[in-house]
Amino acid sequence: MSFSWRHHSTGFLQLLGSGLLSAAGLTAVASNRWNLLDKGTAVFFLLFIQWQTFSLTIAKCGIDNFIFATLSRDASLFINIRRAIFRTTLPLVAAASFLSFWIFPLWAVAAMGISVVLDSYSLMAIAETNAQAKFRKTAFANLLNYPLFLLGVAGLSIAGKAGSFEIAVTFLFSSGLRAVWLAAHRDHRELGKATLSVSPLAQVSLGTQQAGNYALFRIDQLIIGFEGARNLLSVSPAVLSSYLFLAKFPELCSGLFNHVGTVSFPAIANSDSDLRRWVTPWRITLITAALALGILLTGAGFRLLWLGNPRLTFGGILPFAIHAIFILPANAITYRLLSHGQLHSLLVRQGAALAVGALGLAILYLCGATDGLAWMVPIQLIAFTGLGFLLEGNAEGKTLPQGPPNGGSLSA
């Protein structure tokens with residue numbers, strides 16, 4: 001699909017609108033500013049969302065990224081999402097749910113597992129609509145998820161019934177509504193199109209890539225979810241609450257940058273695109289500098305939203321701001337490698353970056369740094385981005401197909 005400044009900028013604004021509503025609600029809960037939830041329920045709220053996202057990352061096995069990267073290069077393909085859900089997502093949900101038994105009660109694990117299946121379908125369908133530049137459909141579907149969920153939480157709070165169980169059920173309802181709406185508005189007809197299959201090896205590699213990608217951006221929040229790790233790192237309940245709040249800043253930035261990538265990455269990859277010709281090295285330098293400065297200033301203001309204890313300093317938000325600065329470059333490298341089938345190279349770079357992050361955390365811990373965990377993800381992203389530039393052009397191993405095979409379907 002050709003790039004249109006008007007169409008794609010409008011699409012970006014549509015995607016951004018639904019994202020901003022979600023961001024505002026999550027920030028309000030994490031900052032204690034609206035007092036919607038008591039402290040214990042607020043911690044459950046944030047950890048439930050975090051672990052649901054982690055389980056979702058495992059369960060969808062990177063198929064949504066594959067769909068977007070592939071269809072944005074060849075819109076003539078048909079994707080059989082339901083087969084992917086039954087053959088891949090359901091077994092992986094069981095495996096992912098096992099991990100959450102260590103943190104949540106059985107009813108929360110059940111609600112999380114069902115919502116993961118529903119959200120896996122939704123994200124695959126959304127990846128398809130984004131690749132087709134149908135951004136309005138994506139924006140409306142997203143309104144049915146977090147914005148509707150947060151509206152439900154606010155209603156429960158006003159009614160005095162905002163407990164952990166009610167929150168989990170509300171989340172499950174919003175996930176189900178979005179999946180049903182997308183299923184009803186998706187074209188299920190193959191219409192003579194070539195369908196796409198993924199080899200078993202590619203399925204394993206895609207799943208590994210997605211787990212690695214999640215760890216690359218959020219491994220600190222997985223670590224802090226375990227009580228033993230919190231005790232080892234001397235993380236008190238008050239520090240846990242403030243940490244979860246600060247971690248929301250790069251997540252909010254990620255929501256914005258993901259929309260930027262959705263709209264711009266396929267166009268930049270297209271050699272005939274007006275956007276690619278517009279993006280020169282000089283403009284990239286200016287945009288990067290302005291982006292970094294804007295994130296640092298925004299981060300300094302974001303910490304002022306916190307109303308709990310302890311008080312947050314600029315030093316406290318700094319690692320999270322640096323994390324946010326490297327989101328867009330890391331996403332661009334990931335998209336480029338996925339769209340060109342260089343999955344092996346992507347996995348090597350992820351593994352190297354995670355090793356550097358683990359080493360950095362160990363060194364900071366041995367040196368007695370109290371904020372070592374907060375610097376783990378920034379160290380990883382800096383290493384990943386650096387490797388992306390150093391190894392440019394040296395990627396090996398094309399695990400993913402570059403064109404539609406004859407027959408078959410997406411059977412991940």
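None of the values given here were measured: they were computed from a predicted structure.
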| request: Look only at the side chain of His185 and the backbone of Trp181, and say whether a donor-acceptor pair between them is shorter than 3.5 Å. | output: yes
To the nearest 0.5 Å, atom CH2 of Trp51 lies from atom CG of Leu56 at 14.0 Å
Below 4.5 Å, heavy atoms only, C-beta onward: do Leu246 and Leu312 meet side chain to side chain?
yes
Heavy-atom nearest pair, Ala352 first then Leu387, reads CB-CD1, 3.6 Å
| said: Using a 3.5 Å distance criterion without hydrogens, assess whether the side chain of Gln380 forms a donor-acceptor pair with backbone atoms of Leu216. | reply: yes
| Any sub-3.5 Å donor-acceptor pair from Ser115's side-chain atoms to Ala111's backbone N or O? | yes
Between Ile327 and Pro250 the two heavy atoms that sit nearest each other are CD1-O, 3.3 Å
Are side-chain heavy atoms of Phe104 and Met112 found at a separation under 4.5 Å?
yes
(Q) Let's go through Val43 and Leu37 carefully: what are the C-alpha distance in whole Å and the side-chain angles of both, what is the deciding distance for side chain to side chain contact (heavy atoms under 4.5 Å, CB included) to 0.1 Å, and is it a yes or a no? (A) CA-CA 9 Å; Val43 170; Leu37 308 173; over 6 Å; no
All heavy atoms of Ala168 vs all of Trp107, minimum pair found to be CB-CZ3, 3.8 Å
Under 6.0 Å between ring centres, would you say that holds for Phe149 and Phe45? yes
Go through Asn130 and Ile67 one step at a time and tell me if the side chain to side chain contact (heavy atoms under 4.5 Å, CB included) criterion holds.
-> CA-CA 10 Å; Asn130 283 337; Ile67 290 173; over 6 Å; no
- Message: Closer than 3.5 angstrom, by distance alone: can the side chain of Ser97 be matched with the main-chain N or O of Ala94 as a donor-acceptor pair?
- Response: no
* Would you sort out whether Arg178 and Asn142 count as a side chain to side chain contact (heavy atoms under 4.5 Å, CB included), showing the intermediate values? => CA-CA 7 Å; Arg178 180 173 66 165; Asn142 287 337; 3.3 Å; yes
Is there a donor-acceptor pair closer than 3.5 Å between any side-chain N or O of Thr334 and the backbone N or O of Ala330? yes
- Message: Can you tell me how the ring of Tyr146 sits relative to the ring of Phe171, calling it parallel under 30°, perpendicular over 60° and tilted otherwise?
- Response: perpendicular
message: More than 12 heavy atoms of other residues, nucleotides or ligands under 6.0 Å from OH of Tyr214: yes or no?
response: yes
Do the side chains of Ile325 and Leu291 get nearer than 4.5 Å, heavy atoms only? no
Taking every heavy atom of Gly163 against every heavy atom of Thr41, the minimum-distance pair comes out as C-CG2, 4.2 Å
Requested in this report: May I ask you to check whether over 12 heavy atoms, not counting those of Phe314, lie within 6.0 Å of atom CZ?
Outcome: yes
Residues Gly152 and Thr170: closest non-hydrogen pair is CA-CG2, 4.1 Å
From CA spacing to verdict: side chain to side chain contact (heavy atoms under 4.5 Å, CB included), Ile223, Met376: CA-CA 11 Å; Ile223 292 174; Met376 186 176 184; 4.0 Å; yes
Quick check against the 3.5 Å criterion: does Lys248 have a side-chain atom that pairs as donor or acceptor with the backbone of Tyr243? no
One should read off an interatomic distance between Ser120 OG and Ile85 CD1, to the nearest 0.5 angstrom, of 5.0 Å
dist Leu381:CG -> Thr385:OG1 (nearest 0.5 Å) comes out at 6.0 Å
Would you say the side chains of Asp119 and Ser122 form a donor-acceptor pair under 3.5 Å? no
query = Can you tell if the side chain of Gln221 reaches within under 4.5 Å of the side chain of Leu46, non-hydrogen atoms only?
reply = no
Contact between Trp375 and Asp220 at the side-chain level, heavy atoms closer than 4.5 Å - yes or no? no
When rounded to the nearest 0.5 Å, the distance separating NE2 of His323 from CD1 of Ile317 is 11.0 Å
### Query
Hey, are the side chains of Ile114 and Val117 touching, using non-hydrogen atoms and a 4.5 Å cut-off?
no
For Ser345 and Arg349, does a side-chain donor sit closer than 3.5 Å to a side-chain acceptor?
yes
In Leu118, Leu182, Leu144, the residue satisfying side-chain contact (heavy atoms from CB on, under 4.5 Å) with Leu177 is Leu144
query = Do the two ring centres, one from Phe320 and one from Phe249, sit under 6.0 Å apart?
reply = no
Output for pair (Leu123 CG, Thr89 OG1), nearest 0.5 Å, gives 10.0 Å
Nearest heavy-atom approach of Ala321 to Ile295 is O-CG2, 3.4 Å
So OG1 of Thr138 and CD of Glu128: to nearest 0.5 Å the spacing works out to 10.0 Å
Exercise for review: May I ask you to test the Thr57-Phe217 pair for a side-chain heavy-atom distance under 4.5 Å?
Suggested key: no
Q.
With a 4.5 Å cut-off on side-chain heavy atoms, are Phe384 and Phe326 touching?
A. no
